[in-house]
Protein chains: 2
Amino acid sequence: MPLAMDKSSFLKGLGSNIVKLRSEKNWSQSDLARACFKDRQSIERLEKGKINPSIYYLKEIADALGVELSHMLMF
Amino acid sequence: MPLAMDKSSFLKGLGSNIVKLRSEKNWSQSDLARACFKDRQSIERLEKGKINPSIYYLKEIADALGVELSHMLMF
DNA sequence: GCTGTTGTCAACGGATCAGATGACATCCAT
DNA sequence: ATGGATGTCATCTGATCCGTTGACAACAGC
């Protein structure tokens with residue numbers, strides 16, 4: 001990951017990462033939302049890079065997806 | 001990192017990680033704050049695990065420390 | 001033609017973050 | 001012992017989050 005990356009680009013990249021991990025499990029946004037006890041719309045905002053999520057929120061997503069949090073951040 | 005880790009423990013662990021990385025560079029909290037253009041007190045809250053920081057905030061810290069964000073999350 | 005699923009957007013409200021300021025105790029060097 | 005650096009705490013304020021609700025278009029299956 002490039003240093004001093006633009007905030008918006010960073011969040012969009014993170015979102016894409018999550019979409020990819022979710023798709024690999026053939027999950028819909030609703031499936032992921034259910035798995036981490038969150039809202040479908042909240043997942044959508046995350047995947048589109050519209051928000052700057054908290055680290056623990058991301059950890060809950062990672063747990064639901066069954067991946068390491070650090071792995072989710074690599075791109 | 002154990003799955004379904006308690007939120008407070010998770011944030012404390014993250015803080016400890018940052019203290020460790022900062023200490024390895026022989027930096028004070030003020031040094032780190034300066035390096036990422038943040039507040040000394042903000043760094044302190046982070047290191048003590050008092051807050052649930054945003055992912056981009058953490059990326060700025062990682063950049064300042066010269067480490068990969070994913071590396072900062074491994075514990 | 002319906003009906004359910006999916007992805008996307010907007011808006012509201014309570015909760016929390018992050019910057020800023022001020023304060024205090026401890027430690028170290030002069 | 002005076003001064004500076006350090007770590008820690010509290011408080012205030014604007015910004016942003018996350019959950020929630022409601023809505024809409026596109027699509028698939030019955």
Side-chain angles (χ1 to χ4, degrees), chain A residues 3-67 69-70 72-73 75, chain B residues 3-67 69-70 72-73 75:
Chain A
L3 244 67
M5 194 182 189
D6 174 70
K7 179 173 181 181
S8 165
S9 307
F10 172 79
L11 295 177
K12 281 185 182 19
L14 171 62
S16 303
N17 252 25
I18 293 170
V19 170
K20 189 172 161 205
L21 292 167
R22 172 173 64 78
S23 301
E24 284 171 4
K25 298 177 72 84
N26 277 100
W27 276 9
S28 68
Q29 291 179 344
S30 297
D31 291 331
L32 175 53
R34 241 187 316 275
C36 57
F37 310 98
K38 296 197 179 302
D39 228 61
R40 189 166 66 102
Q41 284 79 349
S42 189
I43 302 295
E44 189 263 340
R45 282 184 299 222
L46 170 66
E47 289 188 348
K48 299 293 282 185
K50 291 180 182 172
I51 53 162
N52 181 15
S54 69
I55 187 63
Y56 193 73
Y57 179 96
L58 283 183
K59 171 168 167 35
E60 293 177 300
I61 303 284
D63 286 352
L65 287 170
V67 301
L69 177 54
S70 52
M72 215 171 69
L73 275 311
F75 57 99
Chain B
L3 243 67
M5 195 181 188
D6 176 69
K7 179 174 180 179
S8 165
S9 307
F10 172 78
L11 296 176
K12 280 184 181 21
L14 172 62
S16 302
N17 251 26
I18 293 171
V19 170
K20 190 171 161 205
L21 291 168
R22 172 173 66 78
S23 301
E24 284 171 4
K25 296 178 73 86
N26 277 100
W27 275 9
S28 68
Q29 291 178 345
S30 297
D31 291 331
L32 175 54
R34 242 188 314 277
C36 57
F37 310 99
K38 298 199 177 300
D39 229 58
R40 188 167 67 103
Q41 285 77 352
S42 188
I43 302 295
E44 190 263 340
R45 282 183 299 222
L46 171 66
E47 290 189 346
K48 299 294 281 185
K50 291 180 182 172
I51 53 162
N52 180 16
S54 69
I55 187 62
Y56 193 74
Y57 180 95
L58 283 181
K59 171 169 165 35
E60 292 177 299
I61 303 285
D63 287 352
L65 287 170
V67 301
L69 176 55
S70 51
M72 213 171 71
L73 276 311
F75 56 100

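Order of the sequence lines fixes the chain letters, A, B, ..., with proteins taken first and strands second; residue numbering starts at 1 for each chain. Worth saying up front: this structure is predicted, and the values here are computed from it rather than measured.
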Spacing of B:N52 atom CG relative to D:dC17 atom C1', expressed in whole Å
10 Å

Using the heavy-atom set of chain A and a strict 4.0 Å cut-off, write down the first and last nucleotide of DNA chain C that makes it in, 5' to 3'.
C:dT6 to C:dA11

How would you list, by chain and number, every residue that makes a side chain to side chain donor-acceptor pair (under 3.5 Å) with A:R45, sequence neighbours excluded?
none

Between A:F37 (CZ) and D:dT20 (C1'), how many Å, whole number?
18 Å

How many angstroms lie between atom CG of A:L69 and atom CG of A:L58, to the nearest 0.5 angstrom?
6.5 Å

Whole-Å distance between D:dG7 C1' and B:K48 NZ?
8 Å

From CG (B:L46) to CD1 (B:I18), nearest 0.5 Å:
4.0 Å

Of residues 11-24 of chain A, the positions that come close to DNA chain C - non-hydrogen atoms, cut-off under 4.0 Å:
A:R22

Here the distance between atom P of D:dG7 and atom CD of B:Q29, to the nearest Å, is 4 Å

Look at atom NZ of A:K25 and say whether more than 12 heavy atoms of other residues, nucleotides or ligands are closer to it than 6.0 Å.
yes

Which comes earlier along DNA chain D counting from the 5' end, the contact point of A:E60 or that of B:D31, where each point is its nearest nucleotide?
B:D31

Of all the heavy-atom pairs spanning A:K48 and A:K12, show the shortest one and how long it is.
O-CG, 4.1 Å

Which residue lies toward the 5' end of DNA chain D, B:K50 or B:R34, if each is placed at its nearest nucleotide?
B:R34

Counting just side-chain N and O atoms, does B:S28 come under 4.0 Å of either OP1 or OP2 of D:dT6?
yes

Tell me, for nucleotides 21-30 of chain D in 5' to 3' order, what letter each nucleotide earns: B for a base near a protein heavy atom under 4.0 Å, S for only sugar-phosphate near one, - for neither?
BBB-------

Value rounded to 0.5 Å, distance of CD in B:E47 from CG in B:N17:
11.0 Å

What pair of heavy atoms forms the shortest contact from A:L32 to A:W27, and how long is it?
CA-CE3, 3.9 Å

Donor-acceptor contact present, side-chain B:N52 to main-chain A:Y56, <3.5 Å
yes

Write down the distance between CG (A:L58) and C1' (D:dC17), rounded to a whole number of angstrom.
12 Å

Go through A:R34 and A:S30 one step at a time and tell me if the side chain to side chain contact (heavy atoms under 4.5 Å, CB included) criterion holds.
CA-CA 6 Å; A:R34 241 187 316 275; A:S30 297; 4.1 Å; yes

Round to the nearest Å and state the distance from A:Y57 atom OH to D:dG19 atom C1'.
9 Å

Under 3.5 Å, which donor-acceptor pairs link side chains of residues 35-42 of chain B to any protein atom two or more places apart or in another chain?
{"unit_1": "B:K38", "atom_1": "NZ", "unit_2": "B:E60", "atom_2": "OE1", "d": "2.9"}
{"unit_1": "B:S42", "atom_1": "OG", "unit_2": "B:Y57", "atom_2": "OH", "d": "2.7"}

Smallest heavy-atom separation, B:I55 atom then A:L11 atom, equals CG2-CD2, 4.0 Å

Rounded distance in Å - CD1 (A:I55) to C1' (D:dC18):
16 Å

Rounded to the nearest Å, what distance is computed from the OH atom of residue A:Y56 to the P atom of nucleotide D:dC18?
13 Å

Less than 4.5 Å apart, side chain to side chain, heavy atoms only: is that true for A:I43 and A:I61?
yes

Any chance you could lay out the side chain to side chain contact (heavy atoms under 4.5 Å, CB included) test for B:M72 and B:K59, step after step, and finish with the verdict?
CA-CA 9 Å; B:M72 213 171 71; B:K59 171 169 165 35; over 6 Å; no

Degree of bending, the helix from C:dG1-D:dC30 to C:dT30-D:dA1 (end axes from five pairs; round to 10°):
40°

Can you measure from OG (A:S9) to CG (A:L14) and round to the nearest 0.5 angstrom?
12.5 Å

